[in-house]
Structure formats: structure tokens, C-alpha cells
Amino acid sequence: MIAMSDVYDKIMDLAKRRGFIWPTSECYGSVAGFIDYGPLGSMMKRRIENVWRKFYVVREGYYEIECPTIGQEDIFIASGHVKGFSDKMCQCPHCREYLRADHVAEAHDIHNASSMSAEKLAEVLCALCCPACEEELGPVEVFNFNLMFQTAIGPGSQRTGYLRPETAQGMFTDFQRLLRFYRDKLPFGAVQIGKSYRNEISPRQGMIRLREFTQAEAEIFVHPAEKNHPAFPRYADYRVPLLGIQQQEDCTEPLFVSMRDAVQQGIVANEYVAYYLALTHDLLAAIGVRPDKMRFRQHLPDERAHYAEDCWDAEVFSERFGWVETVGIADRTDYDIKAHERQSGQSFAVFIQYDTPQKVNRVRVTPDMGALGPKFRGKAKAIADALCECIPGPEGATVTIDGEEIFIPPELYKVREETVDVPGEEVTPHVIEPSYGIDRMIYAVLEHSYDEEMVDDEERKVLRLTPAVAPIQVAVFPLMNRDGLPEIALDIAEKIRIAGLVADYDDSGAIGRRYRRQDEIGTPFAITVDYDTKEDHTVTLRDRDSMQQARVPAEGIDALVRSLVEGTRMFQEL
RNA sequence: GCAUCGAUGGUCUAGUGGCAUGACUUAGGCCUUCCAAGCCUAUAGCCCGGGUUCAAUUCCCGGUCGAUGCACCA
């Protein structure tokens, strides 16, 4: 193994040269925080997204939706992004440093700075010194820097729109439609894979902090009192490294426990969260993130959103960036749904029918409108409504209308005690949210797959991508570019393409060079047509990782490669 | 955003106030019977804008991108 000191540089160099990732619009000089996926990168990204779909859409049955990347202001008022997704900042007039206004104040022992208004903060800051240049700040303007990209919808008197900072809101705003789609039953889930946007102040770290990035998010709506995942046994014995609050406080190694134990011991809040911790571990491993470079870190109480019951980040270790948050898994309770109910004025409740209707005794007041009407005239309706809500005493009932207490004698209404059937109840669902950063997953896979080794005194660069995510699954070569070999090879490549795989045909240069080209872009298998092929209709099949070759019949090679790519057969068994 | 440093074909690199090196890669050809062999040929470059100068890739200023530190990271 060769020293991987600057593995990031090597990967980004490879990614640029071979068409995985490019700086965006290079002819105009690029923009930080934006990247282009080249031909191989796009294919790899699509394949990673498809692995994700296999887990969430196919297996979990949470169907995918697709919402606009631009949303109207109400959405983000409800979500809290308009107000909360911004920082109060100011600029030092002396050194022109941008400062977090509340942080400066708090550094000078001024409490509650984060809850102060901009005006109040400016007042407080006036007498304080800049932490950068130590000059007195004096009168400064405190302004909000919102991390959302703002835009205008339509011409003329325009409505404000924002580029979404997360895909999640689409699942919330479509909640009522989704509920009907799933025929009014909990639990159900919906997912979305798409672009999100955050106007980061200073994006660095290449593709780790982007201003436009791809998220894959699932919102799973569950009954608030039923947080046991129906398929929990699937992962009950699955073990993942958990860096809980306790381990972080004690600075100890992650616990390696089964999901069953994690829930029983109260490390993880409930089965749902635990289930998606395990599923995430499973999924990341399936795309090629190394299990020994993965851990799940629980949010500490002060970094967790106040409404979140439990929150974990899947972190992936990078030689360059250390532990990188790649997936967030949170129990967001009913916060989002309640917020959209308030903002939209609509009910997002779910009516849950009981197995058998419950018998409930209750007192029912029936106002005698024939008597109330003539007596109270305009107030009669309000009094009648109030009577229905109150519990009358033996002497009569007292209701309050517009602050005025009115006594209603018993002869103006009837009281009946009755037993009614209550068929069910309305609940506000809780939301379990696994949220994946696709771009970071891609980077992690590239970094964990990159390898160098010496072969015959030459450095061999190889991306050990799992076949499930490799952009090109098989290469087909004629050993010589003559004697009818290219025709046979082209024919094989065509058959493989018909079988649904991406095959790269290459007849240029020495055979070893062609193998190396494919090694560098992670193509797991290569087929070479040689002179024996003409005699006995066999070809060599070469395995990228071992560089071993097997002689196999040309007939059926398409099905064989397909099963190798799908993992139903292994090369070593050939 | 601030400070420091950097930017030469796709990649790595030499060098310069006056015709810009070499290697690798790539493409075409010759050769070649399984892991970057060899030979011939070709393509391709001084980050962008302004200034100084007869002349700027080179010097100066501004910007972009990248690295590092600070700040920021719901």
C-alpha cells in the first residue's frame, strides 16, 4: 500500500482527468461551491441513487415524489428557514471582517445575545471591540445573512421565492395528498431525490460543502404512540458503531451494539431511528463506503434542534477531512406538520379508526331554541353554542358571552346522558427523517475505493468500485486490432449492452494499457477476444481487483457478466 | 469575507521583459498473440481584466479558482 497522504488531490486529479467531477463552467472561471458531474460521474451518481432507491422505494415501499426546487415564501416561513436559517452579522468598519454579531456580544459576557433584535444588538455592539483587530466597533449595521437563495416568481409585483434548502419540505407540503394516496393509514413514507441549495458563506473542501447539492431524503410518517418499526426484526441483530452522547462525554470509543440492545438500553430513542441507523450502515456499505470508516454520532442536546427527540449523523472518515457528516437520521416529532398546519390553516391530522368503536358516556346539552330565541335575540346563537360546550350545574348554567356572564335556568335546555360510539381519534403523526447527502457519499466512495499498487515496477491506480456503482461495468477488447478479432469483440459488446449493462469497447494500444485505463475508472470486469476465441469460442474474463483471468465460453458471456455485476455469482467461483 | 501563498498543453514540469522546454496522456500510422513495450507523425498551453512598456506569460493593480489560517457551517 502506498502512502495516501494526499489522497484527496489524487482523487480529484483522477476525477477531473477521467470525467467524474469537473469545476463548473470552467471557461468562465468556475464558481466555488458548484461542481459539474462529467460522463462517468453522472453515471456513478445515478447508480448510487438507484441503490438508494432499491433500499427505500423498492424495499421499504416509500414512493418517490418530485417537487419544484423553488418554493414560495410561506413554505419556508413555516419550516423556520426564513427566520432561523440566517445569522445576524455585522462588518467591522476598521478591518472589514465579517462577524457573527451575537457571538461577539456573547464573547463580552452579554447574555441572550442570540435572541436580541438586530437594533438591540447594534446598540450593544457599539461599545465593544472587534475580536479580529481589537478596535472599538462603534456604530455598525447588524444585518441578517440568510443562507437561502432568494428569487422572484413572475414579473411585476413579484412573489418572493426561495431555492429550497432541503428536499424535505415537499413531502410535508404534499402531506394531505400523500395521506390520501396511502389510503389514510399510518405509517407511510415518501422520498425525494433532488437538488437543494444553500448560499454558504465560504464553501471550501471541494465537493464536501456545496452551494448546490443532491439530497436523498425520506420522511416517514408514524403514529406518535407507535414507534416500533414493523420490519424491525430485519435489523434487530445488526450491529453498528454508535457514538452516543455518553461516549462523547466520556471520550470513549463507539459502542458496537445490536439495534435491539441499543433500543432496549435507551441509547437510541426508538425502533424507527434504530432501524434506519442499521439500514444506513447497510446502504453505505453496499455502495462501497468502508465499514471500518463509518460511525454513527448522536447529536448532543445543545446541537440538536429543540423539537427533535433523537438525532444521529452517519459520519464517514476521510483521510483529508476527518469525520464527515454524510447522513442525518432524526425523529423530528410533529414539529414540521404542526408548523405547516399553523401556516396554511389546514388540518394535517390523521384519523385513526379504533379496532372496535369505543363506548363513551357523555353529557349532551340540547338548547331549547324556541325559548332562547325570543329571550336573548341576537345573542341566542352564541349562548346555544356555549351551552353545548359547558357542563350545567343542578341550578342551571352560567355562560360567558363577550365577557358578560349570563345565567341560563334549566328550563331553557335539556340535559341528556348518553352513550356514544367513538370510532377513532385524530392524531398528528411524527416524522422520522433519514437525510442523505449524495455528493458526500460519492466522495466517500471515491476516496475509499482509490488504491495504488506497484505492478512490475509501475504504479497501478485502481478504483475498487463495487459493480453496483461502477459507471462502466465491463470493457471488451480485441487482443489485436485485426484478423477478425474486432468484429467478434464488437459483437460481444453489443450483446452485453442488450443485456442492460454499460460496456466500453476499446481496441487502441497495447492490451495492458487498456486494462489500466479501465482500472483507473473502476470497471470491474474486462473481456478479451484472442486467437483462441476463433478456434474454441472462449474469451478471457479478467477481474479488476485480483487481475486474474478466467477462460469462459463466449456464448452466454452477457448473462454471466450480468450475474457477476448483480452479485449473484462470484468471479472466484469461475 | 479577511490574511498569506500559488496558478505554464488533459496531467506533471523547464524557463523567460522579445521564436515557450521536456515527459506522460490523447489521436493517426507501423509494430505487437494478455497487463501502461518500441518507432514515426499529429493535436494541444503561459487563469481572467486593467495598467506600465516599443514589447508582458514574466513587472504592478484588481478579480477568479485552489491551498492554509481566521471567521462561518440551520
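Worth knowing before you read on, the calculation uses all heavy atoms, side chains too, and leaves out hydrogens, waters and symmetry mates. Each chain gets a letter, A, B and so on, in the order its sequence line appears, and its residues count up from 1.
Taking the P atoms as reference points, A56(B) lies 15 Å from C46(B), given to the whole Å. Nucleotides C35(B) and C30(B) are separated by 22 Å at their C1' atoms, to the nearest Å. Comparing the C1' positions of U26(B) and C19(B) gives an interatomic distance of 26 Å, to the nearest angstrom. Between U68(B) and G28(B), the distance separating the two C1' atoms is 45 Å to the nearest Å. On the C1' atoms, G29(B) is 48 Å away from G50(B), given to the nearest whole Å. Across U4(B) and U8(B), the matching C1' atoms stand 23 Å from one another, rounded to whole Å. Comparing the C1' positions of U11(B) and U25(B) gives a spacing of 7 Å, expressed to the nearest Å. Annotation: A27(B) and C34(B) have their C1' atoms spaced 24 Å apart (nearest Å).
Side chain to side chain, Y276(A) and D331(A) fail the donor-acceptor criterion of an N or O pair below 3.5 Å. S196(A) and Q215(A) are linked by a side-chain donor-acceptor pair at a separation below 3.5 angstrom, with hydrogens and angles left out of the test. Defined by atom type and a distance below 3.5 Å, a donor-acceptor pair is missing between the side-chain atoms of Q247(A) and R295(A). T214(A) and Y436(A) are not linked by any side-chain donor-acceptor pair at a separation below 3.5 angstrom, with hydrogens and angles left out of the test. Looking only at atom types and distance, the side chain of T523(A) has a donor-acceptor partner in the side chain of Q518(A) under 3.5 Å away.
Residue R460(A) places no side-chain atom within donor-acceptor reach of the base of C35(B), judged by atom type and a 3.5 Å distance cut-off alone.
The side chain of R517(A) lies closest to U26(B) when the candidates are C72(B), U26(B), A36(B). Considering only the side chain of R516(A), C35(B) comes nearest among C72(B), U11(B), C35(B). Proximity note for R17(A) (side chain, C-beta onward) versus U26(B), G10(B), C35(B): the nearest is G10(B).
In this structure, L147(A) places its CG atom 13 Å from P of C72(B), rounding to the nearest Å. Between the CD atom of E26(A) and the P atom of A7(B) there is a distance of 17 Å, given to the nearest Å. In this structure, L14(A) places its CG atom 17 Å from P of G10(B), rounding to the nearest Å. Computed from coordinates, the E459(A) CD to A23(B) C1' distance equals 16 Å when rounded to whole Å. Straight-line distance from the CG atom of D13(A) to the P atom of U25(B): 15 Å, rounded to whole Å. Protein atom NZ of K461(A) is 10 Å distant from nucleotide atom P of C12(B), rounded to whole Å. Counting to the nearest Å, the P atom of A36(B) and the CD1 atom of I521(A) are 17 Å from each other. When the C1' atom of C31(B) is taken as reference, atom CZ of R513(A) falls 14 Å away, rounded to whole Å.
Results of the side-chain contact (heavy atoms from CB on, under 4.5 Å) test with I527(A) over T540(A), V552(A), I557(A), D558(A) single out I557(A) as the only residue that passes.
Ring centroids of F221(A) and F175(A) are separated by less than 6.0 Å, placing the two rings close together.
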Polar atom pairs between nucleotides 32-34 of chain B and protein, under 3.5 Å, N or O only, would you list them?
unit_1 : atom_1 : unit_2  : atom_2 : d
C34(B) : O2     : Y515(A) : OH     : 2.5
C34(B) : O2     : Q549(A) : NE2    : 2.5
C34(B) : N3     : T540(A) : OG1    : 3.0
C34(B) : N4     : D530(A) : OD2    : 2.9
C34(B) : N4     : T540(A) : OG1    : 2.8

Can you pull every protein N or O that's under 3.5 Å from an N or O on nucleotides 64-67 of chain B?
unit_1 : atom_1 : unit_2  : atom_2 : d
U64(B) : O2'    : G29(A)  : O      : 2.6
C65(B) : OP1    : A32(A)  : N      : 3.0
A67(B) : O3'    : R320(A) : NH2    : 3.4

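Every pair passing ring pair (Phe, Tyr, Trp, His ring centres under 6.0 Å) that includes a residue from residues 320-342 of chain A is listed here, sequence neighbours excluded: Y8(A)-F321(A), H306(A)-Y335(A), Y307(A)-Y335(A), F317(A)-W323(A), F321(A)-Y443(A).
Nucleotide C59(B) forms a pair with G51(B), judged by Watson-Crick or G-U wobble geometry with both contacts under 3.5 Å. The base-pairing partner of C39(B), taking Watson-Crick or G-U wobble contacts with both distances under 3.5 Å, is G29(B). Pairing for C19(B) is absent, with no Watson-Crick or G-U wobble pair whose two atom distances lie under 3.5 Å. Remark: C2(B) base-pairs with G69(B). Criterion, Watson-Crick or G-U wobble with two distances under 3.5 Å. Across all strands shown, U64(B) forms a Watson-Crick or G-U wobble pair, both distances under 3.5 Å, with A7(B).
Heavy-atom nearest nucleotides on RNA chain B were determined for V455(A) and for E200(A), and the one closer to the 5' end corresponds to V455(A).
Using a 4.0 Å heavy-atom distance criterion, D519(A) is classed as making no nucleic acid contact. Note on R514(A): nothing from the nucleic acid sits closer than 4.0 angstrom, heavy atoms only.
Under the salt bridge (Lys or Arg N to Asp or Glu O under 4.0 Å) criterion, R342(A) pairs with no residue at all, not counting sequence neighbours. Applying the salt bridge (Lys or Arg N to Asp or Glu O under 4.0 Å) rule to R464(A) yields the partners D451(A), E453(A), D545(A); only residues at least two apart in sequence or on another chain are considered.
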For residues 65-78 of chain A, run the donor-acceptor check on the side chains, cut-off 3.5 Å, and write out each pair with its distance to 0.1 Å, sequence neighbours left out.
unit_1 : atom_1 : unit_2  : atom_2 : d
Q72(A) : OE1    : R159(A) : NH2    : 2.7
E73(A) : OE2    : Y162(A) : OH     : 3.4
D74(A) : OD1    : Q343(A) : NE2    : 3.1

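Using a distance-only test at 3.5 Å, with no hydrogens or angles considered, a donor-acceptor pair links the side chain of D530(A) to the main chain of T533(A).
Here C39(B) is in the anti range [glycosidic angle more than 90° from 0].
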